[in-house]
A.B. asks: 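This is the structure, below, for whatever I ask next.
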Amino acid sequence: MSRQIQIRRGSATSHNNFIGAIGEITVDTTNWTLRVHDGITPGGHVVVSDAAGIIDCITEMQFPSAENGYTWYRKYNSGWTEQGGTNNGTGPIMLPITMADTNYTAIAMPKAFDSFENVGCLTINLLTHSKTTSSFNVQVRWNGGGASTADARFDWVVYGRAG
């Protein structure tokens, strides 16, 4: 059997004149905020407020899987987005979430070359002139030079505001 808890509530106006008991929590139904009272301060102290921008919650997310090409993302209610994945070799990276503009940050980290894990001798060039809101290009080179290789794996991360 589930239980329901109901906390004392009232409008912002009624809260402004209310002095709650020490540690009492109330709900402001005008601004949808939680207030904690100290037994002295009229209105208490606002501790949780989505309207004031204090909380930035994840509104959408995706876990990496074979079906989505091992990409993942977290999109917040503010528009802030973090996304990433694993890729093989040189070429375009298609973002699972379209960004608002090209002012996002893209990072790539070497992962493996053939059967060698955790190699640090891959050079990954992020071709920033090719950035769009939905993709960016990378060039992967073995040992700081040499030809591009399709055998090199790397992880990539993008963060910024989504469109």
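Computed from a predicted structure; not experimentally measured.
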A.B. asks: With heavy-atom distances below 4.5 Å as the criterion, would you say the side chains of Gln62 and Asn68 are in contact?
C.D. replies: yes
A.B. asks: Side chain of Asn31, backbone of Asp28: donor and acceptor closer than 3.5 Å?
C.D. replies: no
A.B. asks: Check for me, please, whether Ile93 and Tyr104 land in the same ILVMFWY cluster - side-chain distances under 4.5 Å, paths through other members count.
C.D. replies: yes
A.B. asks: Does anything in residues 60-82 form a salt bridge (charged side-chain N to carboxylate O under 4.0 Å, His left out)? List the pairs, not counting sequence neighbours.
C.D. replies: Arg74-Glu82
A.B. asks: Taking all atoms of both residues into account, what is the closest heavy-atom pair of Pro96 and Trp72, and its distance?
C.D. replies: CG-O, 4.1 Å
A.B. asks: If you look only at distance, which donor and acceptor atoms sit under 3.5 Å apart when one is on a side chain in residues 13-26 and the other is two or more places apart or in another chain?
C.D. replies:
residue	atom	partner	partner atom	Å
Ser14	OG	Ser11	N	3.0
Ser14	OG	Ser11	O	2.9
Ser14	OG	Ser11	OG	3.4
His15	ND1	Gly10	O	3.3
His15	ND1	Ser11	O	3.1
His15	NE2	Thr26	OG1	2.7
Asn16	ND2	Ala12	O	3.3
Glu24	OE1	Ala21	N	2.9
Glu24	OE2	Arg8	NE	2.9
Glu24	OE2	Arg8	NH2	3.1
Thr26	OG1	His37	NE2	2.7

A.B. asks: State yes or no: do Ile107 and Phe136 share one hydrophobic cluster built from I, L, V, M, F, W and Y residues joined by side-chain heavy-atom distances below 4.5 Å, directly or via other members?
C.D. replies: no
A.B. asks: Is Phe154 reachable from Met94 through a run of I, L, V, M, F, W or Y residues, each pair having side-chain heavy atoms under 4.5 Å apart?
C.D. replies: no
A.B. asks: Sub-3.5 Å donor-acceptor pair from the side chain of Thr132 to the main-chain atoms of Ser135, do we have one?
C.D. replies: yes
A.B. asks: Please examine the side chains of Tyr70 and Asn87, heavy atoms only from C-beta on, and report whether any two atoms are closer than 4.5 Å.
C.D. replies: no
A.B. asks: Report, one line per pair, each donor and acceptor closer than 3.5 Å where one atom sits in a side chain of residues 156-163; sequence neighbours left out.
C.D. replies:
residue	atom	partner	partner atom	Å
Arg161	NH1	Ser78	O	2.6
Arg161	NH2	Ser78	O	2.9

A.B. asks: Using modelled atom types and a 3.5 Å cut-off, is there a donor and acceptor pairing between side-chain atoms of Thr33 and backbone atoms of Val46?
C.D. replies: no
A.B. asks: Answer with yes or no whether the hydrophobic clustering places Ile7 together with Val47; edges join I, L, V, M, F, W, Y residues whose side-chain heavy atoms lie under 4.5 Å apart.
C.D. replies: yes
A.B. asks: Is it the case that the side chains of Asn77 and Thr59 hold a donor-acceptor pair, with the cut-off being a distance below 3.5 Å and no angle test?
C.D. replies: no
